[in-house]
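Working notes, structure below.
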There are 2 protein chains.
Amino acid sequence: MGDTSGIGAGTEPTLEEQIAAYQREFQDLDPQVEQIVSALSRLNRRMNVAYSRQTAALGITNADWEVLKALVLSGAPYRMGPSDLAKRLGLTPAAMTHRIDRMVAEGLVTRKRDEANRVRVIVELTPAGREKWLEAMRLATVFEGNLLQDLSPAERTALGEMLIRLLRRVEDAQPDAGGRLNDLDENFGQGA
Amino acid sequence: MGDTSGIGAGTEPTLEEQIAAYQREFQDLDPQVEQIVSALSRLNRRMNVAYSRQTAALGITNADWEVLKALVLSGAPYRMGPSDLAKRLGLTPAAMTHRIDRMVAEGLVTRKRDEANRVRVIVELTPAGREKWLEAMRLATVFEGNLLQDLSPAERTALGEMLIRLLRRVEDAQPDAGGRLNDLDENFGQGA
DNA sequence: GATGTACTCTTCAGCATTGAAGTTTAGCTT
DNA sequence: AAGCTAAACTTCAATGCTGAAGAGTACATC
């Protein structure tokens with residue numbers, strides 16, 4: 001076995017270690033700001049891991065889950081066009097075409113031409129697709145309840161209010177939200 | 001032009017609209033929990049958009065930025081092996097090989113064999129790579145300061161403390177953090 | 001000191017995504 | 001109604017990732 005000396009290990013540092021490293025390498029850093037930002041990133045990464053395990057347990061992919069979510073939230077009769085879906089999910093229409101192909105094969109949605117306007121296509125949720133979404137939501141609800149378990153009602157209110165305040169600020173500064181989100185949502189902001 | 005009637009638009013709903021849609025489609029939902037979880041997701045997405053614009057402005061990719069970050073945080077002399085980097089970033093060693101190829105070509109890192117243990121490779125930050133990281137950090141600091149601008153010191157303390165409490169809980173429930181993170185970190189948890 | 005085993009990195013085939021070009025349809029203008 | 005423009009979707013080449021197989025090196029044991 002190779003000796004482990006020489007080069008640092010690849011294990012993830014704790015939040016405290018990471019903040020200490022930032023302070024060491026970059027003096028102009030407010031540790032409190034860094035703590036909040038890093039915790040937000042890490043929390044989101046963990047949440048995504050949890051959601052992904054849930055969808056895997058249901059036999060669907062994350063890609064499927066995103067599409068199901070958009071369709072359900074659009075309301076009955078759960079129909080959207082491919083390019084609307086693409087905009088909603090931050091994908092190109094080309095990628096949407098392939099996703100829909102797969103989901104039709106899996107029986108989660110149907111695809112048909114819009115007879116009223118034959119250049120359009122209608123993607124519609126199947127009952128099986130709706131059921132998958134419901135199952136995923138039931139799992140997600142359990143996870144989210146556990147996540148927030150330690151927070152009192154007053155704390156939840158305060159946390160929600162502060163997060164919304166942050167969101168408003170960043171949305172004001174960044175009015176053009178949509179677009180290319182896929183490159184970005186990697187474990188990218190991990191702590192900067 | 002096609003009429004816009006018929007099928008819903010692809011624009012992103014507001015947070016309030018989205019929570020209302022969840023309540024309509026899924027009765028067993030705690031709106032307060034949903035508010036916190038959705039706000040966390042959206043906030044993270046916006047943060048990633050901001051970071052991505054910054055790296056683009058500096059002429060590097062998000063992939064480059066992640067590698068630079070890992071190397072800098074490892075501390076002087078800013079050296080890591082490809083597989084340590086891969087573990088740290090949640091990529092396969094194969095992907096790491098290609099990223100390093102690109103970054104060597106860009107002059108951000110160097111690659112050489114470890115003469116003490118010739119099966120290993122040493123990836124080392126160049127001065128240019130370190131400078132890029134510093135520039136990115138300066139931009140990130142400005143953004144993060146703006147983001148938290150509306151929060152009083154007491155609120156920042158409270159927010160940081162609550163986020164860390166949530167993080168501890170999810171880390172306890174999910175001890176195996178690393179691994180396949182790239183599929184997951186898409187705009188996936190967007191609100192579930 | 002020869003063989004076996006483990007580990008590190010690279011190469012290769014398969015898949016999802018992007019950006020751009022291509023196809024079909026709708027609506028506008030004359 | 002012929003032609004122009006715009007829009008929705010699909011097809012195609014290129015890129016980056018995964019998972020698995022392959023090549024090279026070091027350590028352990030016999």
Side-chain angles (χ1 to χ4, degrees), chain A residues 1-10 52 56 61-67 79-106 111-123 179-188, chain B residues 1-10 52 56 61-64 66-67 79-105 109 111-123 178-188:
Chain A
M1 272 276 337
D3 61 313
T4 322
S5 76
I7 309 222
S52 181
T61 66
N62 300 351
D64 294 340
W65 160 242
E66 289 177 36
V67 175
R79 290 201 267 257
M80 289 179 79
S83 51
D84 289 328
L85 277 168
K87 269 180 232 148
R88 183 73 189 72
L89 301 183
L91 296 176
T92 61
M96 216 49 242
T97 294
H98 298 310
R99 276 202 191 184
I100 294 167
D101 288 346
R102 294 194 293 275
M103 293 182 70
V104 169
E106 293 167 336
R111 167 160 48 189
K112 66 181 180 200
R113 292 215 93 76
D114 182 348
E115 289 304 330
N117 184 342
R118 294 185 42 76
V119 78
R120 294 195 172 190
V121 168
I122 298 176
V123 178
R180 218 53 58 242
L181 284 174
N182 283 18
D183 304 349
L184 326 176
D185 270 73
E186 291 168 22
N187 42 352
F188 174 48
Chain B
M1 268 276 19
D3 58 314
T4 321
S5 76
I7 310 221
S52 181
T61 67
N62 299 350
D64 294 340
E66 290 177 36
V67 175
R79 289 200 266 257
M80 290 179 78
S83 52
D84 289 329
L85 278 168
K87 270 179 230 147
R88 183 72 189 72
L89 302 183
L91 296 175
T92 60
M96 218 46 244
T97 295
H98 299 309
R99 276 202 191 185
I100 293 167
D101 288 345
R102 293 193 293 275
M103 292 182 71
V104 169
V109 301
R111 167 161 46 188
K112 67 181 177 197
R113 292 214 94 78
D114 183 346
E115 289 304 330
N117 184 343
R118 296 187 39 77
V119 77
R120 294 195 172 188
V121 168
I122 298 176
V123 178
R180 217 51 60 245
L181 284 175
N182 283 16
D183 304 348
L184 326 177
D185 271 72
E186 293 168 20
N187 41 353
F188 174 49

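Sequence lines set the chain letters: A, B, ... in the order given, protein chains first and strands last, and positions in each chain run from 1. Predicted, not measured: the structure shown is a model, and the values here were computed from it.
Atoms CG (A:D114) and P (C:dT24) sit 19 Å apart, rounded to a whole Å. What separates CD of A:E115 from P of C:dT24 is a distance of 17 Å, to the nearest Å. Between the CZ atom of B:R118 and the P atom of D:dA26 there is a distance of 7 Å, given to the nearest Å. Protein atom CG of B:N117 is 12 Å distant from nucleotide atom C1' of C:dA6, rounded to whole Å. The interatomic distance linking A:M80 (CE) with D:dA8 (C1') rounds to 14 Å, in whole Å. Separating the CZ atom of B:R113 from the C1' atom of C:dT8 is a distance of 9 Å, rounded to the nearest angstrom. Here the P atom of nucleotide D:dC9 and the CD1 atom of A:I122 are 10 Å apart, to the nearest Å. Taking atom CG of residue A:L85 and atom C1' of nucleotide D:dC9, one finds them 13 Å apart after rounding to whole Å.
Residues satisfying the side chain to side chain contact (heavy atoms under 4.5 Å, CB included) test with B:V104, not counting sequence neighbours, are B:I100, B:V109, B:R111. The side chain to side chain contact (heavy atoms under 4.5 Å, CB included) test applied to A:A95 returns A:L91, A:T92, not counting sequence neighbours. Not a single side-chain hydrogen bond (donor to acceptor under 3.5 Å, both in side chains) links B:R113 to another residue, sequence neighbours left out. Under the rule for a side-chain hydrogen bond (donor to acceptor under 3.5 Å, both in side chains), B:R102 has no partner lying at least two apart in sequence or in another chain.
Relative to the side chain of A:R120, the nucleotides D:dA8, C:dT17, D:dG24 differ in distance, and D:dA8 lies closest. Of the candidate nucleotides D:dT18, D:dA26, C:dA26, D:dT18 has the atom lying nearest to any side-chain atom of B:L91.
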Subject >> B:L89 and B:M96: CA distance, side-chain angles, deciding distance, side-chain contact (heavy atoms from CB on, under 4.5 Å) verdict >> reply: CA-CA 9 Å; B:L89 302 183; B:M96 218 46 244; 4.2 Å; yes
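Checking the phosphate oxygens (OP1, OP2) of D:dC17, a side-chain nitrogen or oxygen of B:R102 falls inside 4.0 Å. An OP1 or OP2 oxygen of D:dC17 is reached within less than 4.0 angstrom by a side-chain nitrogen or oxygen of B:R99. Listed pair A:S83 / D:dC9 meets the phosphate criterion, a side-chain N or O lying under 4.0 Å from OP1 or OP2.
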Output a table of nitrogen or oxygen pairs between the protein and nucleotides 10-14 of chain D separated by less than 3.5 Å.
{"residue": "D:dT10", "atom": "OP1", "partner": "A:R111", "partner atom": "NH1", "Å": "3.0"}
{"residue": "D:dT10", "atom": "OP2", "partner": "A:T97", "partner atom": "OG1", "Å": "2.7"}

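Put simply, the side chain of B:R99 does not reach to within 4.5 Å of the side chain of B:L85, judged on heavy atoms.
B:S52 approaches B:N62 most closely through the heavy-atom pair OG-OD1, 3.5 Å.
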